[in-house]
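Everything below concerns the one structure shown next.
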Amino acid sequence: MNRYNPKDIEPRWQAKWTEDKVYEAIEDAEKAKIYATPMLPYPSGTGLHTGHVRNYSITDAVARFYRQKGFNTVSTMGWDAFGLPAENFAIKTGTPPAESTAKNVAYFKKQLLRLGMSYDWSREVNTSDPEYYKWTQWVFSLMYERGLAYKDEKSQWWCEKCNTVLADEQVTAAGKCWRHEGADDPEVTKKKVNQWFFKITDYADEILDATDDLNWPEKIKTMQKNWIGRSQGAEVSFKVDGSDQVLKVFTTRPDTLFGVTFMVVAPEHELLQSAVPTEQKQAVDEYVKSALKKSEVERQENKEKTGVFSGIYAINPVNNEKVPVWVADYVLASYGTGAIMAVPAHDERDYAFAKKFDLPIKQVVMPNAADTNNPPKPGMKMVERPTVIVHLLDKSTGKFALLDWHESLEGITTGIMGGVEDGQTPEEAALMEIREEAALEHVKIIDKLEWLTAAEYCASHKGENRRAITTVLLAEVENLDKQGEIAANEQKNHTLVWVEKDKVLDRITPDHQKQVWNMLWNRSYLPGEGQLINSGNYDRMSAAEARDKIVADLAKQGVAEEKTTYRMRDWLISRQRYWGAPVPIVYCDEHGPVLVPEDQLPVVLPEVKNYVPDGKNSSVLAGVEDWVNTSCPTCGKPAKRETDTMDGYVCSTWYLHRYTDAHNDKQAFDPKKANYWFPIDFYFGADHAVAHLLYIRFFQKVLCDAGLAAEREPIKRLIYNGYINAEDGRKMSKSLGNTVDPMDIIESGYGADALRLFELFIAPYDQDTSWSSTGVPGTYRFLNRYWTLVQEYLEQTTPQANDAVAEQLTKLAHKTAYKVTKDMDELGFNTAVAAMMAAVNELFLIKAKHGYGEREAWDLVLSTLAQLLGPFAPHIAEEVWHDLGRTDTVHQGHWPAYDETYLQEATLTIAIQINGKLRDTIEVAAGTDQATVISSAKAAKKIEPLVKGKEIVKEIYVPGRLVNLVIK
RNA sequence: GCCGGGGUGGCGGAAUUGGUAGACGCGCUGGACUCAAAAUCCAGUGGUAGCAAUAUCGUGAGGGUUCAAGUCCCUCCCCCGGCACCA
């Protein structure tokens, strides 16, 4: 028998597919298209490992599925070839980045070809190719001409030894450069560097607003929303006391303005330059100096609040109160106005600061602990009164008192409630209530919640609604033995029950009581929403309502306005590096920065001998004199080139467009072609949630506004796959030595098909999981079993007539086609594979019993499986397809249809439960009516004795599935 | 702290969305074939008790709803990913 030998089959078909251009796609307006492609890889020196292969296997399964279903399908591959590792390798070894990159690309390509991925290689791109980056420079020009590229001086980290700027991530916790963190090395400093930015913030609102509607994983959408970080609030002006200066703050909670007890400005704030009184000057200067020395990382890592009083006072516009202004580094200069109004009662950070420096805390919002069992009724008047809830703790047992109100509406409550009469303190009222309701004398108040709570309910017996402004207390019972008799009338109403602390929440019934209990023990809680108190005319207004009202009122006096701020900044695209696309700008003495005209692009990266930066404030390009010195495109006079290159993310922002027209030398791409393929139907990746995936959305919108694209969102569906960890449970990485090269698996004889199949079978595609070295042998075994069936079928030809077997085989073909199609529609690769395995197992049983006599039915089921295997194991699928006598490729337009009538079973297994427990099963013919099924169920062997003489209270029938008999 | 995703056999994972928990694979056990091994094929495989039929427990914990809960509700614990002094 012909043995299954992937080493023979796979390279043979790979060559044939290439020869026949099976995966090359041509735009065809008549045909529905699918653009399904993975994020392009950075071709590292270490090649792809089995973790990476998951992403490509998923992409290819989807692309092949739609190609087999007859869609005009394109899937593509390219190389994100610019970047730091190649440059560092050049610095170390002198190997030109172009050379090492080409070598790496070759190995990646070899791997992907050997895996049999169905890319249209005629569309391959390489971002470091001048023919490609010519158009990356055009992208810059587009941005520049549309006012979306600008140069600005911003503060950056600077290492004196490297003579270069550093990213925040390259600064250590000790405040030193990642390359120079020795004891003798200097700390990094801040330096202002002139850099190029893309104005992504212009599109922040549009990107954010469109995010919810994307068919993307929630996780990624949330990350993008957080990253953009839009927050709506108000800018409020506080007058600086004794000066005509104004201190502006941004706040999302203008409703808490009456709770402002101090202000805080960032150490960088300009008010500190002019308004600090002499007696505070030294303290402020010292604090500012030490704060600025700390790295951003340090400032954010240390959550312990530090700060100093500035000597300045500001005037709160809502009540003209004079509040002190402090300097503290928990306020960031770069967000909002670099200054805040502090409301310690309702902001965690302000609370911590106030506690540390002993500043006043003023509650202005009361949480609503509404009684949902007994809510206020509309139309009744609201009567407000102060009340107290006191919780009782038994000192000797550590248990808490619960009040069981028996059948009454109150349910089970914790704590004793009562009104606070005029002239009484809440504590006095509490002790009185305890005496009356629990008859306890030796009681001490030991704790008091700082916040008042408003509980609104309907006192129906009094015909009024009530608002209880509640003080929450905790009292300790020193000696429970001395409890006297509860007054008879009280005892009728409730019983005191003592329970452990962790049981209390389970027992309490009213919601507001649970809330109060949580508040007492969870002190980090600060009231956020609710109704205002201590807020003048705004008292009892809801916080949400007051937010708008207060801003509107202040706006009339010109001291507040609505304001939106964002966390996202503009995209810094400058890099002082060699191995990137040069920024196409020339500096002329007369004309300033001038864009290099399109007909002079690309600005080609010159070859250099030495890749080590020369210590000037720029990349090694600055040292290439005959490159730097050029002429002004406008006037022709001597001028100098920009020596910054572009961030690699700029290159990958538009490659998806380039794929649609990869060899166009007249333009970056023909919008007609791009518009045919866009938006991308499936984009596959496992990284770049907020960088690349935001940038391409930004870029697509710019293209639309420039009239070069039609769809404002480039990616219809994002498929974000999970990681495969190494078998040891750790992350797969070359440095840990726990990676597996797919080539090793393939060459050891298992082949690409078994590997790809396992990559899809291992777990749901979006779930993290770990590699298993016994997995590929498992999927290989399955393919081998399928192969064996086909070979045996081809060798044994004696026809037999057995209609039942033919029916069984036909049904199996349709059922499996149905299941796999449905799973593929939902990206359920693992269960699709399981269905095919189950089919092969069943076929083994059939052939053992009946042989291969039913030729037609066997051909149907085997060829159906060949088609279904196409997306998963394309080589064996194609081989078997041809073994079964087909002459065209299975990979174009062959997907099995299924007939619903074959999906029905003639007999159904009905589960029989008694009181919800499975006791027996019976077989009934499909279509049997309910009464018959139930009576057969009652007569079933194991059921009959169980129901005999019992009263059947209820009979439930779930058609085709189960019968549940409820007996007494 | 906030947001998102999870917690099911020895392991990876199924479960028609409230209806027979553990599909499929790995591993393990037994058997067939073989001089023997590998490969292959067949059977078994959640725990406990039992020779067995069977009983009983069982989807992170505790409550609840329901004829019926892995699935829904409440309270809580743990793990992973992201963000985080963003006012």
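What you are looking at is a predicted structure, and each value in this text was computed from that prediction instead of being measured.
Of the residues in residues 213-221 of chain A, those with a non-hydrogen atom less than 4.0 angstrom from any atom of RNA chain B are A/K219.
You'll find that the side chain of A/K917 is closest to B/C57, out of B/G25, B/G4, B/C57. The side chain of A/T774 lies closest to B/G27, out of B/G4, B/G27, B/C24.
Contacts of A/G336 with the nucleic acid, taken as non-hydrogen atoms under 4.0 Å apart, are absent. Using a 4.0 Å heavy-atom distance criterion, A/R919 is classed as a sugar-phosphate-only contact. Residue A/V690 is classed as having no contact, given no heavy-atom separation below 4.0 Å to the nucleic acid. Looking at heavy-atom distances under 4.0 Å, A/T565 makes no contact with the nucleic acid at all.
Between A/F829 and A/Y765, the angle of the ring planes goes over 60°, which puts this pair in the perpendicular group of the 30/60° scheme.
For A/E905, the side chain to side chain contact (heavy atoms under 4.5 Å, CB included) partners at least two apart in sequence or on another chain are A/K811, A/K815, A/L908. Take A/A204 and apply the side chain to side chain contact (heavy atoms under 4.5 Å, CB included) test, not counting sequence neighbours, and it matches A/I228, A/Y566, A/M568. With sequence neighbours excluded, the residues forming a side chain to side chain contact (heavy atoms under 4.5 Å, CB included) with A/A546 are A/D255, A/L532, A/M541, A/I550, listed by chain and number. Residues meeting the side chain to side chain contact (heavy atoms under 4.5 Å, CB included) test with A/N226, sequence neighbours left out: A/T222, A/R567. With sequence neighbours left out, A/H269 forms a ring-ring contact (aromatic ring centres under 6.0 Å, His included) with no residue at all.
For A/Y335 and A/S231, the side-chain atoms include at least one donor-acceptor pair closer than 3.5 Å. Side-chain atoms of A/T337 and A/E235 include no donor-acceptor pair closer than 3.5 Å. Side-chain contact check for A/T816 and A/Y898: no donor-acceptor pair (N or O, by modelled atom type) lies under 3.5 Å.
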Sort me out a list of protein N/O and nucleotides 37-42 of chain B N/O pairs below 3.5 Å, or just none if empty.
residue: B/C41; atom: OP1; partner: A/R785; partner atom: NH1; Å: 2.8
residue: B/C42; atom: OP2; partner: A/R785; partner atom: NH1; Å: 3.4

Pairs under 3.5 Å (N/O, protein and nucleotides 9-15 of chain B):
residue: B/G12; atom: O3'; partner: A/T769; partner atom: OG1; Å: 2.9
residue: B/G12; atom: O2'; partner: A/I762; partner atom: O; Å: 2.6
residue: B/G13; atom: OP1; partner: A/Q767; partner atom: NE2; Å: 3.0
residue: B/G13; atom: OP1; partner: A/D768; partner atom: O; Å: 3.4
residue: B/G13; atom: OP1; partner: A/T769; partner atom: OG1; Å: 3.2
residue: B/G13; atom: O3'; partner: A/N830; partner atom: ND2; Å: 3.4
residue: B/A14; atom: OP1; partner: A/N830; partner atom: ND2; Å: 3.0

Look for any protein N or O under 3.5 Å of an N or O in nucleotides 67-69 of chain B and output each such pair with its distance, or none.
residue: B/C67; atom: OP1; partner: A/K954; partner atom: NZ; Å: 3.4
residue: B/C67; atom: O2'; partner: A/N964; partner atom: ND2; Å: 3.2
residue: B/C67; atom: O2; partner: A/N964; partner atom: ND2; Å: 2.5

For nucleotides 46-52 of chain B, give me every protein contact, N/O to N/O, under 3.5 Å, one pair per line with atom names.
none

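Side-chain N/O atoms of A/T779 include none lying less than 4.0 angstrom from OP1 or OP2 on B/G25.
Positionally, the nearest nucleotide of RNA chain B for A/T921 lies more toward the 5' end than for the other of A/G778 and A/T921.
Side-chain atoms of A/K225 and base atoms of B/C3 include no donor and acceptor less than 3.5 Å apart.
Stem analysis of RNA chain B (at least three stacked-register Watson-Crick or G-U pairs, each with both distances under 3.5 Å) gives B:1-7 with B:77-83, B:10-12 with B:24-26, B:27-32 with B:40-45, B:46-49 with B:54-57, B:60-64 with B:72-76.
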Show me, pair by pair, the donor-acceptor contacts under 3.5 angstrom made by side chains of residues 821-828 of chain A, not counting sequence neighbours?
residue: A/T821; atom: OG1; partner: A/A817; partner atom: O; Å: 2.5
residue: A/T821; atom: OG1; partner: A/W895; partner atom: NE1; Å: 3.0
residue: A/D823; atom: OD1; partner: A/K819; partner atom: NZ; Å: 3.3
residue: A/D823; atom: OD2; partner: A/K819; partner atom: NZ; Å: 3.3
residue: A/D823; atom: OD2; partner: A/T831; partner atom: OG1; Å: 3.0
residue: A/D823; atom: OD2; partner: A/A832; partner atom: N; Å: 3.2

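Geometrically, A/K847 engages A/F844 in a cation-pi contact, judged by NZ or CZ lying under 6.0 Å from the ring centre and within 45° of the ring axis. By the 6.0 Å and 45° rule, A/K305 does not stack over the aromatic ring of A/F353.
Remark: the separation of the P atoms in B/G60 and B/U8 is 6 Å, to the nearest Å.
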